Every structure is written in structure tokens, then in C-alpha cells.
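These notes are about the structure you will find just below.
The model shown is predicted, which means the values in this text are computed figures rather than measured ones. By convention here, the first residue in the shown sequence is residue 1.
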Amino acid sequence: MDKNNYIFETSWEVCNKNGGIYTVLSTHAGALKAKLGDNLIFIGPDFGNSDNIYFKEDKALMKSWKDAAKKSGLNIKVGRWLLPDSPVAVLVDFRPFLGEKDSFFGEMWEKFGVDSLEGVGDYIDDTIFAMVAGKVIENFAEVNKVDKSSIVAHFHEWQTAGGLLYLKSRQPEIKTVFTTHATTTGRSICFNGKNLYQYFEGYNGDQMARELSVLSKHSIEKAAAKNADLFTTVSDLTAKECKQLLDVEAFVTPNGFDASFVPNGAAYTKAKKTAEDNLKKVAEALLGYSLSDNALMVATSGRFEWRNKGIDVFMNSLNRLAYNEGLDREVVAFIMVPSWVAGPREDLQKKLNKKCKCELENRNITHWVNAPENNEICQALGYYNMNNDQQSKVKVIYVPCLLDGKDGIFNMTYYDLLAGLDMTVFASYYEPWGYTPLESAAFSVPSVTTDLAGFGLWVLDNTKGDAGIDNGVAVIRRNDGNFDEVADSIVASIIRLSKMSDAEVKSAQKNALDFAKKASWDKFVKYYEKAYDKVLKVKPAKAETKKAEPKKAEAKPKAEKKPAAKKPAAKK
């Protein structure tokens, strides 16, 4: 890979922040742009909104190509992704092409065996966006007379698999890379409460996708993995999953992190103090009483996946911690998990603005949520009787909003608040990589993760001796049957940190930061470079044109006949 190559990275999350892939792309953009300049081009969806806070259009940038693309029926915006290194971004309006879905779906079936019959809703929008992204790359190469063999079209996750298949059938000279960050079927197995690891070798991806009603997404993901010039994934853990459920070997490109925005020195000390004060201010306003000066601030965060993200076992551990005689320090646990929010609490806002001194009836939640009866976190707060009484050693505060700096209560971003925490816990059951503990490490916050997270496995590979909280990142062994042991290990980690001397805390914080430095993109970008160098050497192959025959339903694996695992105590 050199400055004469073009790399197009396509994702539903380019200039569209709604998941972890946004973090992957936005944080490695700087490292890749340093190698490629404006030959690194990101492609994302254009929803027609003029107030996209992540994108700024530049009408002079690539104007001649944009005009030619418009004449070809492609409505695109060219500009900059508003990141520190301002990479080129192209937003694609895919909506005019939705009428072509039947013909494109038929083509994917004829050429690649993709079964789109059950594909509705997001499957349609995502796949047509991907198809149009493929058209954009094709048009760019032809209008600008670029050597197609010097182009790498990199597609992320099943949502963009259709773009890869479009290019494979029409422009095989263009090199293609497909990355799955988590297999559709693997995530669905876990999301539906099935044990992924105990029966792992007995699972058939096609059968399970059919059973779990994700056949179309699985089908297009598998077709892209098989037909890409190079198929990649984010960890050794997910590579095994790809081999079992997609029947394709994957090249591993681990996720790094760009910590260039994390303050240093005096700026970090100031940011940490500001975050600590804000966390304590909101907690005390909600609780109605003052916290101890040495209260330990602990948190979990991430997408609302009750089991997959380990929220269930974290809340269970907090209940155990409250009754543990070994805890002699007050703990405030924040559950920063965005949910279906109705809005910030007006009574809490008034109290924070000193417009009232009233006692709040609910002392657990900062923002009201819709349908709390269907919210597992709300239900667990009641189940464990977490009323946040002053005599309780553990206070639990649910923060169900997106911490974007304008939530109405904290009015600070997640990263700004992260600096004020003493510890974070991410007890993941299913986590292909796991950015949250890596983000914590970048802010010198000791963290707990598990060996069912790609990052956790990487930490174990880079740890000398026991991976406890003194290590900066504690890695708990987790499997399908040791829920109680995991909860007890979290309790032990929190108690250990609560009893550390100042010198020991500083050592753990330094160790955490050292892990973040080792996993920075300036170290990990080499895996992308290897992937692109590898794919650029691939000779173009003719597209597969043989019609795929419908597969017969396969027998259920023996694993499905086994009794289900015992459910966590938090679920009623």
C-alpha cells in the first residue's frame, strides 16, 4: 500500500454515530490518512439532513467527479468527516434506488446464492445503500481513469456486503475487503439466551440463522465473506466464530484506539476534577444526601444488551457487594447505558439549578425512560431492592441517556465524565473486541473485562502473571456456567481497589494507560497495512455466475437438545 493506492471504506456508521463501528473507523482514520492522504475516502449514508454534526460539505472538493456522478444518476455530497484529521467523506443518497431492490436481490441470488426473501426493513435500506456505494466507487474509478487494480474497496459488516457483491460481479479488478465485527448469527445466538460457547462446535450457521430469523443477513454476510479478496475480523475470538458459523477463515485486524484527544498533565488533572465534581453533584442531588469524601465511583457503559454486555452480572455483583462485610468504603455505581429515554427529569434539573430543595421519590434514575416495565435495568433495580438508602454501602444510579454533552443533567460527554471515575466494569458475555475497557485504560481508569472479549484476550496475551485489577485491566474468566463466580470476581476487584493505597492506585492507573498505549492505532494500523498489501497482490477472478441451488434444511445439532443454562438471578 502506498500513496498511489485508493482505499474506500464503506460503513453505515460513517458520519453516523450509532454503534461501535463508528469508533473503529473514526479512530483509525488518522493513522491511515497519514499514509494515504486524501486517497483515503470514507463512504456513508446521506439521510438528507442538513445539520449532520459529523460532516461538513466542501462543494469545491472533487467537484468535476461529483458533477459527472450526478449526470450518472448518483446524488452524493463530498466533504470532510469532522474528526481531528478531517478525512474525505462521501455521503450517498440511496433512496432513489430503492425501486431497484427486486432486481438487485435477484441478481445476488443468481450469482452468489444470497437469500433475501426474509429481508425487510433495515435489510433493504442497508443493502441498497451498499449497492449504491459500489456504484459510487465504480463511477469514481471510471471518471477519474484510475487503475482499478490499485483500488481497495473495504466494506464493514453485513450492512455493506451488497456493495462488495456489486463490485465483484461488475468490476473484479477492484480489490475487495470485507470485515465482520460480529457475526449476525453469533450475536443472535447470545441475544436469544442460548449458550454460544458450551455447544460452539455443534452450531451450524445456516441452520441457526434460519431458526433465529436472521437468514437474509447471515446469507449476505456469508456471501461477502466467501467472495471478498480478503475477509477480516477484529479478534482471534471472532475469527473462531467466523470459521464455525460462516465457514470462512479470517485475517485478524485488531481494533486500536486513538487517544490523541485525551488530555495530559495539568489538563488531565483539571478534567478529572471537573468530572468528579459533576458526578458527585448529580449523585447527591438525586440521592438527597451528601456522599463521603472518598466515595468510590464505579461505572459500566455501552450498548443496551442485557446479557451480551454483562449488565445482568454487574447488577448482581452490586447486590452482593452491598452485603459484603469486606467493603468498608462507600461505592456509587453508575449504569451509563443509553435506553429509550423520555427526557431529563425536571425535578432533578430544578434541584441541580437550586430552584427547589425537594426530596425526590425515585433516587435511582437521572432521566425518565419509556416503558420501564420492559426495561431489564429498571426491573433489576426493583428486584434487588436498590433504593439507595443512605445506610446502604452501595448506591446505584441509572443514566439511560446518550452522554453527548447536552443531555440536560450532566451536560458532559461520556469521555469527559470517564476521567472522573475510579473504576469501570464490563463483564461481557459476547464481545468481539470491546472498546469500553480500552477507552477506560486510555483515561487511566482501571477496568474489569472478561476473556470472552477480544480485548480481554489480548490483555491476557500481554500480561505477565495474574491479570487482576492491580494490573490496570483485570480479566475475569467467563463461560456459559460460571455466572456466580464472575459476580464474585467483580466484587473482589471492587473491594481490592477500594483498599488500595494511593501509591497502589497510581500504579494501577499507570498500568491501565500502558495497555492503551500498546493498543493505540499507531501500533495496530500495521494490521490494516498488511491486509491491504495482501489484497493488492490478489489477481482478479471472474465473478461466480452459477445459480445457487436451494439448500435443504439441516438436522438440528445435538447441542440444541441439551437443557438450557440456568438463568441469571436478575431475570424474573
Looking at Glu431 and Arg187, is any side-chain nitrogen of the basic one under 4.0 Å from a carboxylate oxygen of the acidic one? no
Any side-chain to backbone donor/acceptor pair from Tyr414 onto Gly405? Under 3.5 Å, distance only. no
Taking the six-membered ring for Trp and the single ring otherwise, decide whether the centroids of Phe55 and Trp81 are under 6.0 Å apart. no
Less than 4.0 angstrom from a charged side-chain N to a carboxylate O is my criterion; do Asp229 and Lys175 meet it? no
Would you sort out whether Thr160 and Asp126 count as a side-chain contact (heavy atoms from CB on, under 4.5 Å), showing the intermediate values? CA-CA 7 Å; Thr160 64; Asp126 293 345; over 6 Å; no
Can we call the ring centroids of Phe140 and Tyr6 under 6.0 Å apart? yes
Salt bridge or not between Asp46 and Arg95? Use side-chain N to carboxylate O under 4.0 Å. no
Which residue is it: Phe47, Tyr22, Trp158, Phe155? I am looking for the one with a ring pair (Phe, Tyr, Trp, His ring centres under 6.0 Å) to Trp12. Phe47
side-chain contact (heavy atoms from CB on, under 4.5 Å) with Thr238: which residues, sequence neighbours excluded? Thr233, Val234, Ser235, Glu241, Cys242, Pro432
Please evaluate residues Phe304 and Trp340 with respect to the criterion side-chain contact (heavy atoms from CB on, under 4.5 Å), reporting the C-alpha separation (whole Å), side-chain torsions for both, the decisive distance (0.1 Å), and the verdict. CA-CA 10 Å; Phe304 197 153; Trp340 186 19; over 6 Å; no
Would you call the rings of Phe455 and Trp433 parallel, tilted or perpendicular, taking 30° and 60° as the class edges? perpendicular
Quick check against the 3.5 Å criterion: does Ser86 have a side-chain atom that pairs as donor or acceptor with the backbone of Leu82? no
Side chains of Asp206 and Lys222 in contact at under 4.5 Å (non-hydrogen atoms): yes
Is the shortest distance from a Lys or Arg side-chain nitrogen in Glu57 or Arg80 to a carboxylate oxygen in the other one below 4.0 Å? no
Please confirm whether the ring centroid of Tyr528 lies under 6.0 Å from the ring centroid of His28. yes
Pairwise side-chain contact, Thr10 with Ile137, heavy-atom cut-off 4.5 Å (strictly under): yes
Run the salt bridge (charged side-chain N to carboxylate O under 4.0 Å, His left out) test against Asp115 and tell me which residues pass, sequence neighbours left out. none
Which residues share a salt bridge (charged side-chain N to carboxylate O under 4.0 Å, His left out) with Asp67, sequence neighbours left out: Lys63
Using salt bridge (charged side-chain N to carboxylate O under 4.0 Å, His left out) as the criterion, list what pairs up with Glu118, not counting sequence neighbours. none
Phe97 ring center within less than 6.0 Å of Phe129 ring center: no
Would you say the rings of Phe105 and Tyr123 are close, in the sense that their centroids are separated by under 6.0 Å? yes
Whether Phe231 and Phe178 hold their rings parallel, tilted or perpendicular, with breakpoints at 30° and 60°: parallel
ring-ring contact (aromatic ring centres under 6.0 Å, His included) partners of Phe104, counting only residues at least two apart: none
Measure the acute angle between the ring planes of Trp521 and Phe524, then classify it against the limits of 30° and 60° as parallel, tilted or perpendicular. perpendicular
Which residues share a side chain to side chain donor-acceptor pair (under 3.5 Å) with Thr127, sequence neighbours left out: none
Is the shortest heavy-atom distance from the side chain of Asp407 to the side chain of His367 under 4.5 Å? yes
Hey, what do you get for OG1 (Thr176) to CZ (Phe8), rounding to the nearest 0.5 Å? 14.0 Å
For the backbone of Ser188 and the side chain of Asn192, can you confirm whether one donor and one acceptor N or O come within less than 3.5 Å of each other? yes
Strictly by modelled atom types, are Tyr203 and Gln244 linked by a side-chain donor-acceptor pair under 3.5 Å? no
Arg170/Glu138 salt bridge by N-O under 4.0 Å criterion: no
Donor-acceptor pair between Thr450 and Ser428 side chains, under 3.5 angstrom: no
Under the 3.5 angstrom rule, does the side chain of Tyr435 hit a backbone N or O of Phe257 as a donor-acceptor pair? no
